[in-house]
Amino acid sequence: RPRPGLARFRGCLAGALLGDCLGAVFEGRSVVKLSELLSFLKGLEAAPPEEGGEAAGSARGESLPYTDDTAMSRSVVQSLLAKQEFDEVDMAKRFAEEYKKEPNRGYGMAVVNVFKKLLSPKCNDVFEPARAQFNGKGSYGNGGAMRVAGIPLVYPDIQDVKKFAKLSAELTHANSLGYNGAILQALAVHLALQEGLSRETFLEQLISHMEHVEADDKSLSDARALGFEDLPFSRRLKKIKEFLELSSVPKADVLFELGNGIAALRSVPTAIYSFLRCMDADPDIPEHYNALQRTIIYCISLGGDTDTIATMAGAIAGAYYGEEQVPPSWEQSCEAFQETQRMAKSLYELYCQR
Ligand code: 8NA
Ligand code: MG
Ligand code: MG
Ligand code: MG
């Protein structure tokens, strides 16, 4: 199989950053008016890019800050680069130290308890604080999935992608509905990196992997304990397949079936659907926007957990389309975009060594 080029690695990290920074402006709104979103984007595009500057924003003021999604994604990447492989102790330490340094990035309500325990010198099992969350049930939030893209950017082998996506998520999310969402997001990025995969093949492969991932005892019992049907992620992927066969799908149906919330089950499938749907033009989104831009715009227009859904879809779309579709004016509006480009190059080099 041909090795993916550097452009896909840069596209992936840039797409993720864009999704977080742009999405964060609208996070938590139950309704996002498309007209308001489009006029906000026009404002970004009007600010002329600055040569060599970290932010194009000086004409316009500050650059758009990234949130917990990117802060944690960066810790994942920095740990992988420092250790040249997945190392749970190093990664946990980076999550906790990053939180300590900048606690106001908009972290989930409960996950901060994990960081506090990880910072204690008494902690000698880095997976234990996550297991204690929610009276021992573990978190099913989307925090494991939102930050996982670095894993498929380092490990070319799909079994490694599954194994390390799960372990990286389990540092904060011990419920299988949390870490299975991270596995799904990692698999989506892995497949998006491959050359020329059709929409149908992409989805078929995700379904067959997830049917296997979700068939283990813990996945079955966690889903039942929360009142879900068996194989809940696989089932939503099949719903996506149905949606893609229709000529149009109303927003209300997407929100009802897939969701826009902070649970991994109500956001990772939505990100995947957004990516696949936006391969085609959308009558509501101006045609001058490319498919990657359309993906991010569509995610944000769904409201709810906009930064996290857009960062996940942005990572997938960026890996698929490459950096050619990352608009400079958007990218340069985001905090720390140049560092993102450097990290992408280092990840690419590590991937190529394997
Ligand atoms: P988390 O582990 O704290 O989970 C997020 C939330 O999900 C929790 O606070 C609970 O409300 C709920 N939850 C998760 N598991 C359970 C459970 N077993 N039982 C009952 N409720 C549960 O943190 P996370 O890292 O998963 O969260 C990621 C999200 O938080 C992202 O959207 C991210 O952007 C951030 N976020 C922050 C804000 C904010 O305003 N600070 C708003 C939305 C999201
Ligand atoms: Mg966030
Ligand atoms: Mg090791
Ligand atoms: Mg969020």
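Order of listing sets the numbers, starting from 1, for every ligand and every atom in it. Nothing fancy with the numbering, it's 1 onward along the sequence. For the numbers below, each heavy atom of this structure counts, side chains included, while hydrogens, waters and symmetry mates do not.
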Discussion item. Parallel, tilted or perpendicular, judged at 30° and 60°: which one describes the rings of Y155 and F164?
Written reply: parallel

Practice prompt. Using the salt bridge (charged side-chain N to carboxylate O under 4.0 Å, His left out) rule, pick out the option among E242, E211, E229, E214 that qualifies with R235.
Written response: E229

Worksheet entry | Within the protein, residues bringing a heavy atom under 4.0 Å of ligand 1, chain by chain | E27, D68, D69, G106, Y107, G108, M109, A110, V111, F134, G138, S139, Y140, G141, N142, G143, H173, I262, D305, D307, T308

Discussion item. Under 6.0 Å between ring centres: does that hold for F115 and Y107?
Written reply: yes

Pairs of donor and acceptor atoms involving the side chains of residues 251-265, under 3.5 Å and at least two apart or interchain, shall be tabulated with distances.
unit_1	atom_1	unit_2	atom_2	d
K251	NZ	S301	O	2.9
N260	ND2	L302	O	2.9
N260	ND2	G303	O	3.2

Item to complete: Could you check if a side-chain atom of L44 sits within less than 4.5 angstrom of a side-chain atom of L64, using non-hydrogen atoms only?
Response: yes

Worksheet entry | Spacing of NZ belonging to K241 relative to CZ belonging to R199, to within rounding of 0.5 Å | 11.5 Å

Worksheet item: How about the Mg ion (ligand 2), which protein N, O or S atoms come within less than 2.8 Å?
Response: T67 OG1, D68 OD1, D69 OD1, D307 OD2

Worksheet item: Given side chains that start at C-beta, do those of L81 and Q78 come closer than 4.5 Å, heavy atoms only?
Response: no

Worksheet item: Does D307 reach the side chain of T311, with side-chain heavy atoms less than 4.5 Å apart?
Response: no

Quick one: side chains of residues 131-138, donor-acceptor pairs under 3.5 Å with protein atoms, not counting sequence neighbours, listed by atom name and distance.
unit_1	atom_1	unit_2	atom_2	d
R131	NH2	D125	OD2	2.6
Q133	NE2	A110	O	2.9

